[in-house]
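These notes concern the structure reproduced below.
Letters A, B, ... mirror the listed sequences (proteins, then strands); counts begin at 1. Just so you know, these numbers come straight off a predicted model, no measurement behind them.
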Protein chains: 2
Amino acid sequence: MDRRITKKDDDASGKERPTLKTLAFMTGLGVTTVSRALKDAPEIGAETRRRVQLVAKQIGYRPNRAGVRLRTGKTNVISLVLNTEHELMSFVSDIIYGVTEVIADTPYHLIVTPYSRSQDPLDPVRYLVETGSADGVIISRTQPNDPRARYMLERGIPFATHGRTDMGLVHPYHDFDNYAFAGEAVSALAAKGRNRLALVTPPVGLTYFRYTVNGFADALSEVGASEVPFNTVSIDHTIEQIRMRTAQLMRRDDRPDGIISSAAAATLAVVAGIEDAGLKLGRDVDVVSKQSSEVLHLFRRELLVVNEDFRLAGSELARAVLGWIAGKEPGSLQSLSKPSEVLSYRG
Amino acid sequence: MDRRITKKDDDASGKERPTLKTLAFMTGLGVTTVSRALKDAPEIGAETRRRVQLVAKQIGYRPNRAGVRLRTGKTNVISLVLNTEHELMSFVSDIIYGVTEVIADTPYHLIVTPYSRSQDPLDPVRYLVETGSADGVIISRTQPNDPRARYMLERGIPFATHGRTDMGLVHPYHDFDNYAFAGEAVSALAAKGRNRLALVTPPVGLTYFRYTVNGFADALSEVGASEVPFNTVSIDHTIEQIRMRTAQLMRRDDRPDGIISSAAAATLAVVAGIEDAGLKLGRDVDVVSKQSSEVLHLFRRELLVVNEDFRLAGSELARAVLGWIAGKEPGSLQSLSKPSEVLSYRG
DNA sequence: TTGGCAATCTGTAACGTTTCAGTATATTGG
DNA sequence: CCAATATACTGAAACGTTACAGATTGCCAA
């Protein structure tokens, strides 16, 4: 038998990172046994199992990710796919922290996969799937008919979407109830006697655009207020555009006396536009805005705000993907978070 | 010779992801040759090389990351280590985009490694190094004597710091010139006739705290202004704390007539505090603030701002780490970015 | 006693890559 | 024409892991 001495037949010696082989040598067992003992396989004796696990803990054994990944295809990676131009700053930061919170005591790593305006949003997803770079994917900016969700569903790769789809396909998601948000906002404005309302919408094409618009429309007719169309901007537009167009709008005779804004950054611009037009917040017009951190009341106390928790969204999305990976039913991994009340400034 | 038929001696057939073996079969060459041809090794014939590369491109060959990593130890991963409590929102989002911009056309992936208040900041770094999870690391919240930098230097793992150290050790960094920022800010306030100045500092303990404080002090004596101590807050404090203590400060007889703030979020609180005390920005007091996105002038036009570009920081840091990995001299991978002028509101 | 079987444990192969140590063929110098 | 050498290529081994197909032992029923 050709038993050549190779570089590392000695083992368990130096500073090298311990492997299964190291553990096998130390325990006097075979590599296979050690491997199985560590994952509580049933055909390993109870004492052996305990012994192996003890030694493993003692010497700080950590499975080699490359080894596992090569052999099993499991990457232990979750990828968060982000648009580098249009995501909100607070969204990026909070959602990342939400995700990391959940995966902190799992073997998972979080990788951030960006794509830019010019690219097809499907590109990064295709890349991830084709190269098998992740066990699960989280996407945002979800559309009613979302090619990315369809693609991943076809390939059978677990994912969760921030925002719902509307394709008759079931998959995990987390969403903020923007229908309820818009409704609450309208009610709050109506309660202040405002009845000519304008809406700064989410990006056209995304699912939550629809929910917001529908919530707005339904509540309008319920409280008997009317809409002042303001279709020239969405929260994807630049600060300058929103500001300018708001100013234009507010200089018209048929200007709104109430505005609802779907994002804090847009609200800054909206207020600037209002003031550019020589009007005063709280007197001439009231504004209800979503925000994801407590800044708007510092900005203008007259603002009415509704909070959306992106860190929660990140956690929920991570939980959903991990759940799917673990074999749970996709349909059971959907969550909707209710908006806070409409809050006005409190001293 | 024992040549058993194994599962996949046929090849180049179906939908499977192509490997070197696939390429070898298609080109009629050995796996070794293909491997070397793809990385332009000199001992491969020019035509063979071209042929292999052509076929590889045609069928969309991508090296298997796990294979490479297992064999070579190269992970093709850069890790960004972030504090989940104290990083600024804009920092997280912009720096991530800056990094991804640079690594976009490299094989590198970006993983985000978080740590929380309770943890030793060294923990995540130790984890990364011990498990060999990244080829390069980017850290923020750098301290003059930074254990993380020292640790990584000892282990020989490439890294870059956002902010400088002061340990007599040389390593790549990117920093914003906060000494210059504080100096410019003082000058701008002095030019407005302000001469009793307070400073909302960076977090005590971080290197850029020192630069900021020194720039502030030096400029004060240069313009002949005096400092109103305001050591009870830093930008790490909560909005509420900063607001309350600013209000307290501004109610004192010896209140400052100029304030310099090291971060936009803190500035919102500072202004709120000023107004809580019944004072008016621009009349009773002027404020100069750093910001990383154009929001402060929407907030209060009277604010004076200096811009810091975190996306640039991300790019520079990524370039620095990649440079070090590629073998460049650490000392040549240091950059300092100059602050913009102090900008006042323009229409 | 023997065959069967459960309980434990083990060696080999394979995942895809790169490196090492060759091999085969053509080319050159003498 | 031979040996030396350069050129172009190749198989085997190894990285660390897990799955598969045994192997060994002890025990029990017949």
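Taking only side-chain nitrogens and oxygens, A/K39 comes nearer than 4.0 Å to OP1 or OP2 of D/dT18. The side chain of A/T33 contributes an N or O atom lying less than 4.0 Å from OP1 or OP2 of C/dT10. A/T48 has a side-chain polar atom (N or O) that falls below the 4.0 Å cut-off from OP1 or OP2 of C/dC9.
In the set D/dT18, C/dG16, C/dT17, the nucleotide with an atom closest to the side chain of A/L70 is C/dG16. When distances run from any side-chain atom of A/E43 to the nucleotides C/dC9, D/dT18, D/dG16, the shortest one goes to C/dC9. Comparing atom distances between the B/T32 side chain and each of D/dC9, C/dA13, D/dT10 picks out D/dT10 as nearest. Counting only heavy atoms from C-beta on, A/S35 has its side chain closest to D/dT18 among D/dT17, D/dT10, D/dT18.
The distance between atom NZ of B/K74 and atom P of D/dG16, rounded to the nearest whole Å, is 19 Å. Computed from coordinates, the B/R65 CZ to C/dG16 P distance equals 16 Å when rounded to whole Å. The CZ atom of B/R36 sits 15 Å away from the P atom of D/dG11 (whole-angstrom rounding).
In this structure, A/Y173 has its ring center at least 6.0 angstrom away from the ring center of A/H162.
Checked by atom type and distance alone, the side chain of A/S315 pairs as donor or acceptor with a backbone atom of A/R311 at under 3.5 Å.
Under 3.5 Å, the side chains of A/S140 and A/E87 contain a donor-acceptor pair of N or O atoms.
Both B/G28 and B/T72 lie near DNA chain D, and the one whose nearest nucleotide falls closer to the 5' end is B/G28.
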